[in-house]
Amino acid sequence: MHQGITVMDLQLRLVVVNETACRLLDLPRELVEQTPGLEEVLRFNALRGEYGPGDPEAQVRERLHLARQRKMHDFERERPDGTVLRIQGTPMPDGGFVTIYTDVTEARRQKDAVNEARDLLEERLQERTAELRRGRDLLASTVNAVNDGLVVVDESGRIILTNNTFDRLFPSERSWTDSGENIVDVLQRLGPAGLAEALEGLETDPETPSEFRFGTRSWYRVSCSPPGDEDTMIYRFADITTFKLQHRALQQHTDKLVKMLRNEQKINEMQREFVSMASHEFRTPLAIIDSNAQRLRRLLDRHVASAANAIDEDAAAALTRRLANIRESVDRMQYLINRFLSFTQHQSGALELELKESALLPLVKAVCQRQQSLCTTHLIQTDLDALPETAQIDSRLIEQCIANVLANAVKYSAGSDRIRVRGFAENGYAVIRIEDDGVGIPEHEIPKIFNRYFRASTSSGIPGTGIGLHMTDMIVSEHRGKLHVASQVGRGTVVEIRLPQAAAPADPPTINEAIS
């Protein structure tokens with residue numbers, strides 16, 4: 001128990017004392033283990049000054065007298081070491097007595113702190129009151145410093161407060177507050193034509209401000225709002241002359257932007273039509289390729305089955321494998337075309353994913369192997385042991401992303417012969433890092449490389465469309481992942497595809513360390 005407890009029998013002997021009671025009362029273990037009487041414990045405490053100054057024997061007799069009465073009690077006592085104990089005693093039906101000891105030192109300290117805080121709060125409240133008085137005076141000065149004209153009226157429209165700007169707009173020989181005039185009467189007499197009617201309209205529709213011309217060059221907007229008191233209303237006269245001039249210029253710019261936007265929309269529509277048309281046109285040659293691949297496969301099967309036309313088994317296996325690769329590539333292209341068409345036709349512009357638990361590690365290995373079989377100029381080195389086996393992804397689209405980045409690494413590193421691919425887990429992401437030693441990208445162009453059709457200045461003379469990284473970034477973002485690029489001109493580029501993954505994070509070198 002976090003509280004101390006003692007139990008006395010009918011003869012006032014301590015028959016139960018827990019460890020907490022020994023610690024709180026600072027009783028020696030030897031004394032407790034002898035099953036002492038209450039008198040011995042009281043005398044031990046009195047002799048060491050536990051009960052303060054006075055005759056120890058008198059202190060013992062007084063406390064024994066109280067104990068023999070076996071009355072319920074609840075009080076606090078401060079020990080010489082500063083500890084405050086709450087002591088609660090309860091008699092038992094058989095004549096014994098149970099006492100519970102609770103350390104309330106911290107509670108007492110907090111109570112004292114609350115009292116101190118209360119006193120401090122009262123002091124600060126007085127200071128705050130004085131500060132509010134100073135603020136009231138400052139507010140009056142501030143109202144007069146406002147550039148807009150301000151006038152406060154009561155429920156009948158009688159002027160009860162004006163600032164200096166209003167007084168300059170509508171001068172009077174005596175204070176408007178003292179005159180007791182109605183705001184409508186004043187403005188009807190001194191203001192431009194139609195202003196009084198505008199104010200009457202504000203009374204019925206306060207949320208719609210009115211504009212009026214003051215003189216030949218100045219424009220003002222008048223509005224009204226209640227300051228929180230239903231019996232008063234604040235009228236504000238704001239000089240909007242500069243705003244009017246700027247609005248006129250802005251309107252001219254807006255007209256130009258509208259024309260440019262319409263042209264841009266027309267161009268975008270033409271681009272969408274072209275993409276849709278091109279995607280549909282791709283299907284016909286792909287279907288022809290797939291059809292011929294199937295015919296070649298059937299022809300090969302017939303030759304293998306015929307003894308007269310038997311061919312080498314290794315050659316047949318190689319042909320079968322190549323035909324399978326052709327059909328797999330055709331299937332992948334048809335899938336991507338269908339997805340891209342669905343994306344371009346989707347009104348919200350969002351790419352719809354087919355997420356499911358997919359084999360990530362085998363997918364990355366397969367893409368690297370396929371790229372290696374197509375590439376005779378570079379060696380693709382892989383280190384994928386730390387890459388999570390699976391992830392919640394659209395495998396076809398992620399496969400295309402990795403293939404895009406790998407193809408770029410090969411295309412833009414003609415002067416080197418190695419591409420490095422590493423996989424690992426970091427900070428909740430499955431990371432696929434592809435590194436080359438190619439031409440690199442200028443630092444100021446890195447934020448632009450995900451834009452559609454943008455190509456870095458270092459890609460001059462290298463064929464490309466500028467949509468590969470744009471599509472990759474879009475797919476990775478829809479997976480709630482991240483696409484990071486770090487590059488140095490002449491030293492190469494590192495691209496990281498980060499996909500959400502619950503695996504424990506690793507501690508690899510950072511992307512910037514990888515290219516330094």
Side-chain angles (χ1 to χ4, degrees), residues 106-192 195-215 217-247 250:
E106 180 63 21
R108 283 284 298 275
R109 185 193 66 76
Q110 293 179 356
K111 182 179 179 181
D112 294 341
V114 168
N115 292 334
E116 182 180 354
R118 181 191 60 198
D119 296 339
L120 180 61
L121 182 61
E122 290 179 355
E123 180 181 349
R124 289 182 176 176
L125 183 59
Q126 294 175 356
E127 294 176 354
R128 181 59 177 163
T129 302
E131 182 181 350
L132 288 174
R133 291 194 182 99
R134 292 192 297 270
R136 179 192 59 191
D137 298 336
L138 178 62
L139 179 60
S141 300
T142 303
V143 168
N144 281 325
V146 173
N147 291 328
D148 298 339
L150 297 178
V151 55
V152 181
V153 301
D154 62 15
E155 58 184 351
S156 63
R158 186 177 60 88
I159 298 175
I160 57 177
L161 176 67
T162 62
N163 70 344
N164 292 341
T165 304
F166 180 84
D167 294 340
R168 286 194 300 270
L169 284 173
F170 306 99
S172 173
E173 294 181 357
R174 59 174 181 163
S175 169
W176 290 115
T177 304
D178 297 336
S179 70
E181 286 194 70
N182 184 282
I183 183 66
V184 176
D185 296 337
V186 170
L187 298 179
Q188 203 168 26
R189 186 175 73 252
L190 300 177
L195 177 56
E197 290 78 4
L199 290 179
E200 292 177 351
L202 283 175
E203 292 181 357
T204 57
D205 185 12
E207 296 183 359
T208 305
S210 299
E211 297 178 0
F212 65 93
R213 195 165 188 171
F214 204 93
R217 303 180 61 182
S218 298
W219 281 87
Y220 280 84
R221 174 180 293 144
V222 58
S223 59
C224 67
S225 59
D229 184 357
E230 295 181 356
D231 296 334
T232 59
M233 188 72 70
I234 296 178
Y235 287 86
R236 175 185 175 190
F237 296 81
D239 187 344
I240 59 170
T241 306
T242 303
F243 167 77
K244 280 286 188 179
L245 296 175
Q246 293 176 344
H247 182 268
L250 181 61

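Please read these numbers as outputs of a predicted model, since none were measured by experiment.
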Cationic tip of R221 above F243 ring, under 6.0 Å, 45° of axis: yes

Is it the case that the side chain of N163 and the backbone of S141 share a donor-acceptor pair, with hydrogens and angles ignored and the cut-off at 3.5 Å? no

Surrounding CD of E106 (heavy atoms of other residues, nucleotides or ligands, distance under 6.0 Å), is the total greater than 12? yes

Heavy atoms, side chains only, cut-off 4.5 Å: are Y235 and V153 in contact? yes

Atom pairs and distances, donor-acceptor, side-chain atoms in residues 117-127, under 3.5 Å, two or more places apart:
none

Please list, chain by chain and in numerical order, all residues satisfying salt bridge (Lys or Arg N to Asp or Glu O under 4.0 Å) with D239, sequence neighbours excluded. none

Check whether any side-chain heavy atom of W176 lies under 4.5 Å from a side-chain heavy atom of L161, and answer yes or no. no

Would you check if the side chain of N144 reaches a backbone N or O of N164 as a donor-acceptor pair within less than 3.5 Å? yes

Determine whether L150 and T162 satisfy the following criterion, side-chain contact (heavy atoms from CB on, under 4.5 Å), listing intermediate values before the conclusion. CA-CA 6 Å; L150 297 178; T162 62; over 6 Å; no

Sequence neighbours left out, what passes side chain to side chain contact (heavy atoms under 4.5 Å, CB included) with S156? Give chain and number order. D154, R158

With a sphere of 6.0 Å drawn around CG of N147, does it hold more than 12 non-hydrogen atoms of other residues, nucleotides or ligands? no

Starting at CD of E181, measure out to CD1 of I159 and round the result to the nearest 0.5 Å. 6.5 Å

All heavy atoms of T232 vs all of V152, minimum pair found to be CB-CG1, 4.3 Å

Do I234 and V151 have side chains that approach each other closer than 4.5 Å (heavy atoms only, starting at C-beta)? no

State the CG-OG1 distance between D137 and T142, to the nearest 0.5 angstrom. 10.5 Å

Can you confirm whether K244 is buried at NZ, in the sense that more than 12 heavy atoms of other residues, nucleotides or ligands lie under 6.0 Å from that atom? yes

Is the distance between the ring centroids of F170 and F237 under 6.0 Å? yes

Would you mind reporting whether T129 and R133 have side-chain heavy atoms less than 4.5 Å apart? yes

